[in-house]
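Presented below is the structure to which this report refers.
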There are 2 protein chains.
Amino acid sequence: MSLSHRQYKDAIYEQLARIGKAVSAPKRIELLEILSQGPRTVEALAKLADLSVANASQHLKALRTSRLVDAEKKGLFVEYRLADDSVGRYLLSTQTLADSRLAEIRQLTRDFLEARGALEPVNRDELMRRVREGEVIVLDVRPSEEYAAGHIPGAVSVPISELKARLKELPKGKEIVAYCRGPYCVMSIDAVELLRKRGYRAVRMEQGVLDWRARGWRIEAGTGKTKR
Amino acid sequence: MSLSHRQYKDAIYEQLARIGKAVSAPKRIELLEILSQGPRTVEALAKLADLSVANASQHLKALRTSRLVDAEKKGLFVEYRLADDSVGRYLLSTQTLADSRLAEIRQLTRDFLEARGALEPVNRDELMRRVREGEVIVLDVRPSEEYAAGHIPGAVSVPISELKARLKELPKGKEIVAYCRGPYCVMSIDAVELLRKRGYRAVRMEQGVLDWRARGWRIEAGTGKTKR
DNA sequence: TGATTACTTAACCAACTAATTGAATAATTA
DNA sequence: TAATTATTCAATTAGTTGGTTAAGTAATCA
């Protein structure tokens, strides 16, 4: 039995819509973005995305059936991860489209940044160049698991929750560039706010490892400390 | 009143999900793909996507509120078009992701091509290079409106519906490369089938203008015939 | 002016979805 | 072996969606 043109088209578009359905729920996008920073267990994901465990599990199941994530049982835990790099690139292209088409998203970001006096024009490419050239101290303020799963080469890991206590580790003279998960992640905003209050010269880089990797630049993994 | 972190995140992801919701219905993806070939009226879209006019209008309204398409009243007609190039690039990235993650979509295509004996390994990049260099006759078999809205430079427009009657316009010696809307479009498959049966050397190029433009290559517009 | 054409809207229904609650399963530890 | 922990599953509920039919609007034409 061979398919008619219409049946073939319908079948193709139904498959394409599986991707759309997967990213049609806000919480599923949030889960994907967290996973784009590295693998996580269900419990961790539920906590980070502010979901009940059962609910998170169901969303993850949906993401699994649309093949955007993989799950691997590790003892008592189940570790979820993005299925492959193409998923990260897709997330990035969704963000790009949303940024270019939805005035609301730009407005939200502007309002949020303004409310904490963090609005400043930064030349993204120039900032990224300086980060690549090692001209600044690069501060990764994400949770340490995410740092370990992959970070910008040369970056120092100081999770936002520990920043206050570990301030003295940072030299005061040099400029500090803080980054976290990406443009909509607020940890680096908080970090820069704190650093400036304490007299440091600090700016935020809104790109994260997802963007870094998409540009084909090298990502470093591991804690830096020798393991085992 | 300033937003809490959680409220800000929820608001951001809700906005991102608007894009996902827009492309979570197969018919809306089909409409977007048709529009990626050029502007169309509601009636034309309904017909091409096999929808009732009322239903098409409702899907288009959804696409309008998620800002992926624009509508412009032209006398008695309403002309819809993709809001901007970023929408086309997003469609392409969805296809790429679906192709890489969903075995079903690859299987569907393989089955469909196999059923009409059209399976053949073609080196895409090499084929595109030959098309760019003008080493082959390039045949655009889409409806003439789509050709006029934008086509591969040097391509000849012979809509699939007219191909049989206009075969004699094509020289028999040279190799013919037929293309249409993109990888899931079947018009070029039919064209190649017909051409071969009549003794032409013909192959299909699965990329369309969307892909061409995304690579930064030039697109030509107009009918070629002098208007007015 | 009234008819025609192209499109939108309203009302409706069946099907589906997200989130909650509580029970079930499966691996590990005591 | 029993208890604990991490996750999944099943059942329920409120809310949403896609599609149909029929009525409404707006521009054009006779």
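Below, chains carry the letters A, B, ... as their sequence lines are ordered, and counting in each starts from 1.
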Check every strand shown and say whether [X] touches a base, only sugar-phosphate, or nothing at a heavy-atom separation below 4.0 Å.
X: Val53(A); answer: base
X: Ala25(B); answer: sugar-phosphate
X: Ser24(A); answer: nothing

Just compare [options] and give me whichever is closest to any side-chain atom of [X].
X: Val78(B); options: dT17(D), dT8(C), dT7(D); result: dT8(C)
X: Arg64(A); options: dT8(D), dG19(D), dA18(C); result: dT8(D)
X: Glu43(A); options: dC9(D), dT20(D), dA6(D); result: dA6(D)
X: Val42(A); options: dA19(C), dC7(C), dT8(D); result: dT8(D)

OP1 or OP2 of [N] under 4.0 Å from side-chain N/O of [X]:
X: His59(B); N: dT17(D); answer: no
X: Tyr80(B); N: dA6(C); answer: no
X: Ser52(B); N: dT20(D); answer: yes

Arg106(A), CZ atom: more than 12 neighbouring heavy atoms under 6.0 Å: yes
Over 12 foreign heavy atoms within 6.0 Å of CZ, Arg124(B): no
Salt bridge (Lys or Arg N to Asp or Glu O under 4.0 Å) assessment of Arg40(A) paired with Glu145(A): CA-CA 9 Å; Arg40(A) 290 285 194 173; Glu145(A) 304 96 302; 2.8 Å; yes
Figure out the [atom1]/[atom2] separation between [X] and [N], and round it to whole Å.
X: Leu60(B); N: dT17(D); atom1: CG; atom2: C1'; value: 16 Å
X: Phe77(A); N: dT8(D); atom1: CZ; atom2: P; value: 13 Å
X: Asn55(A); N: dT17(C); atom1: CG; atom2: P; value: 15 Å
X: Leu51(A); N: dA6(D); atom1: CG; atom2: P; value: 17 Å
X: Glu72(A); N: dA6(D); atom1: CD; atom2: C1'; value: 16 Å
X: Asp10(B); N: dA19(C); atom1: CG; atom2: C1'; value: 14 Å
X: Ile29(B); N: dT17(D); atom1: CD1; atom2: C1'; value: 15 Å
X: Arg18(B); N: dT17(D); atom1: CZ; atom2: C1'; value: 17 Å

Gln58(A) vs Lys21(A), nearer the 5' end of DNA chain C by closest nucleotide: Lys21(A)
Toward the 5' end of DNA chain C, by each residue's nearest nucleotide, Arg28(A) or Ala54(B): Ala54(B)
Ring-ring centroid check Tyr90(B) Tyr90(A), cutoff 6.0 Å: yes
Any side-chain heavy-atom pair of Arg142(A) and Tyr179(A) under 4.5 Å: yes
Trace of the salt bridge (Lys or Arg N to Asp or Glu O under 4.0 Å) decision for Lys27(A) with Glu14(B): CA-CA 8 Å; Lys27(A) 287 296 183 183; Glu14(B) 200 186 309; over 6 Å; no
Contact letters for nucleotides 25-30 of chain D, in which S counts primed atoms plus P, OP1 and OP2 and B counts the base, heavy atoms under 4.0 Å: --BS--
Parallel, tilted or perpendicular: rings of Trp217(A) and Trp212(A) (30°, 60°): perpendicular
Glu79(B)/Arg81(B) under salt bridge (Lys or Arg N to Asp or Glu O under 4.0 Å): CA gap, chis, key distance, verdict: CA-CA 7 Å; Glu79(B) 193 176 81; Arg81(B) 57 178 71 244; 2.7 Å; yes
